[in-house]
Amino acid sequence: MEQTAIISLNANDVISVVDERLYGSFIEHMGRAVYTGIYEPGHPSAQMDGFRTDVIDLIRPLRVPIIRYPGGNFVSGYRWEDGVGPKTSRPIRPEPAWLSIETNQVGTNEFMDFLKLVDAKPMLAVNLGTRGAQDAANLLEYCNFPNGTYYSDMRISHGYTAPHNVKLWCLGNEMDGPWQICAKTAEEYGRLACETAKMMKWIDPDIELVVCGSSFREMPTFGEWEKVVLRQTYEHVDYISLHTYYTNNDGDLPAFLASNVCMDAFIKEVAGICKEIKKEKKAVKDICLSFDEWNVWYHFKKDCKEPQKWIPARPIEEELYNFADAILIGSMLTTLINNSNVVKIACLAQLVNTIAPIMTEPQGRAWLQTTYYPFLYTSQFGRGTALKTNVAAPVYNCDAGNGIPYIDCAAVFNEAENELSLFIINKNIECDIPCTLQFTNFTCRRIVEWVALDGYAPDAVNTAYRTTVKPRTKSGGAITANSVRLVLPKLSWNMLRISMC
Ligand code: AHR
């Protein structure tokens with residue numbers, strides 16, 4: 001029997017205005033993200049400051065509004081003072097999070113310079129592993145205090161007269177994880193995060209703070225960690241973090257493609273905990289969610305080569321993403337949009353080389369992975385007001401759960417353009433699915449664009465020399481005043497832009 005789907009939406013059924021920070025990303029001093037990734041003095045495309053313009057040219061279209069930095073696990077052992085001042089005096093140190101050598105040739109100021117080149121704002125993490133409240137406050141003073149104090153004058157002496165005005169800060173990273181440098185119990189971390197937050201907000205009351213939630217949903221302390229930490233920090237923080245990476249470990253593609261259903265449940269659980277603690281505290285303000293690490297990640301399960309330890313730019317976690325990975329990235333983005341009432345910040349982890357959509361060869365090319373494309377289009381056209389979509393679609397059962405819809409969808413209305421963007425995924429590996437989009441309180445004028453990633457083998461990949469997987473323009477949608485009919489190709493990611501009146 002032919003499978004069909006109906007997606008209905010009403011212009012008045014609003015989820016939320018999408019916070020543009022949903023399309024954030026992440027650069028950590030990990031692998032070749034920084035060195036030979038964004039920064040490679042001597043590369044033919046590098047500017048005087050060492051940043052590679054070929055990489056910048058690939059980042060800019062993504063329109064990432066924020067970039068998280070400098071870690072990740074790296075931050076829990078980071079001495080930020082190592083990375084400021086004259087480059088020739090900066091110490092070279094062993095870096096215990098990723099077993100590499102850190103040359104400190106890129107630090108806070110260089111990162112701020114880089115952000116200007118890609119038109120993004122910083123989301124800085126402070127070290128709450130080996131360090132504490134005072135160091136976090138010092139870094140904030142260095143970045144945001146105008147002048148006349150020890151650290152602000154130090155910044156000025158380093159050539160940065162104007163404050164960096166960093167408004168978004170993470171209070172450590174994954175502090176519940178045994179792999180973390182100086183991991184903490186929820187009680188220990190909650191107290192430290194609270195005291196650090198107080199000090200930081202006294203120095204700059206305009207900043208926003210993200211407190212660490214669990215490293216991932218399957219952590220044994222998930223749920224309890226969030227409650228303990230929020231009970232201690234609620235008044236002083238603004239967001240709680242979520243991290244998740246999905247893996248197509250055993251090649252069970254339907255189960256892998258269902259992963260965003262887990263992401264959705266994860267978001268709802270953490271949002272529920274925030275509400276519970278708000279009630280307990282009789283608080284007025286809400287704590288929103290910062291999904292500041294999300295991606296597909298195989299942790300070298302595809303290729304078990306262990307790169308040499310204790311070298312600079314140790315080339316770890318250079319994931320090669322395939323077509324199926326791009327489909328899941330597209331679905332995860334729909335999940336973020338559909339939860340944009342609570343998720344205000346999200347960072348694709350990461351941006352260059354390390355589990356990234358953009359890859360580089362040292363001294364060579366920069367190129368695009370499959371996963372670049374759904375992120376590109378969703379970031380470009382998924383800005384505006386997220387609308388609820390009712391999806392009546394066939395479902396499937398798999399190891400990840402039963403009743404998984406074959407179709408994922410998110411809709412964002414851009415009022416300025418009078419344009420509705422729909423992001424639709426067909427997870428059915430074998431069948432195209434005819435789909436009717438039904439609109440209420442909207443009148444459709446024309447299909448502006450239908451772009452799809454479809455027709456590739458699930459394991460198709462791109463390389464530095466061949467962009468096999470890339471989007472194509474589709475035609476064939478049939479439009480009336482309040483509907484569009486189209487056939488969603490099997491295993492496809494689609495973006496449809498419809499002009500409305
Ligand atoms: O993004 C890669 C790593 O994954 C980060 O350093 C850490 O926070 C997470 O476990």
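Note that ligands are numbered from 1 as they come in the structure, with each ligand's atoms numbered from 1 the same way. Just so you know, these numbers use all the heavy atoms, side chains as well, and skip hydrogens, waters and symmetry mates.
- Using a 4.0 Å cut-off between charged nitrogen and carboxylate oxygen, Glu81 and Arg131 count as a salt-bridge pair.
- Within the 4.0 Å heavy-atom shell around ligand 1 one finds Ile355.
- Asp135 and Arg79 are not joined by a salt bridge, as no carboxylate oxygen comes within less than 4.0 angstrom of a charged side-chain nitrogen.
- With a 4.0 Å cut-off on non-hydrogen atoms, Glu317 does not touch ligand 1 at all.
- At a threshold of 4.0 Å, the pair Glu235-Lys281 counts as salt-bridged, since one of the basic side-chain nitrogens sits closer than that to a carboxylate oxygen.
- Within the model, atoms CG of Leu336 and CD1 of Ile267 stand 5.5 Å from one another, a figure rounded to the nearest 0.5 Å.
- Regarding atom 4 (O) of ligand 1, its nearest protein heavy-atom neighbour is Glu293 OE1, 3.1 Å.
- Within the 4.0 Å heavy-atom criterion, the part of Trp98 lying near ligand 1 is the side chain and not the backbone.
- Here Asn73 has heavy atoms under 4.0 Å from ligand 1 in both its backbone and its side chain.
- With respect to Lys275 and Glu269, no salt bridge is recorded, no charged nitrogen being found less than 4.0 Å from a carboxylate O.
- At a heavy-atom cutoff of 4.0 Å, ligand 1 is contacted by no atom of Thr354, backbone or side chain.
- For a threshold of 3.5 Å applied to N or O pairs, the pair formed by Trp297 and ligand 1 contains no separation below that value.
- For ligand 1, none of its N or O atoms has an N or O atom of His243 under 3.5 Å away.
- Within a 6.0 Å radius of CZ in Arg191, other residues, nucleotides and ligands contribute 12 heavy atoms or fewer.
- No part of Phe74 comes within 4.0 Å of ligand 1, judged by heavy-atom distances.
- Distance alone, capped at 3.5 Å, is enough to place a donor-acceptor pair between the Ser379 side chain and the Leu62 backbone.
- Protein heavy atom closest to atom 1 (O) of ligand 1, with residue, atom name and distance, is Tyr245 OH, 2.7 Å.
- Within ligand 1, the atoms closer than 4.0 Å to a non-hydrogen atom of Phe26 are 1 (O), numbered from 1 in the order shown.
- Contact check on Glu208 versus Lys201 returns no salt bridge, with no Lys/Arg side-chain nitrogen under 4.0 Å from an Asp/Glu carboxylate oxygen.
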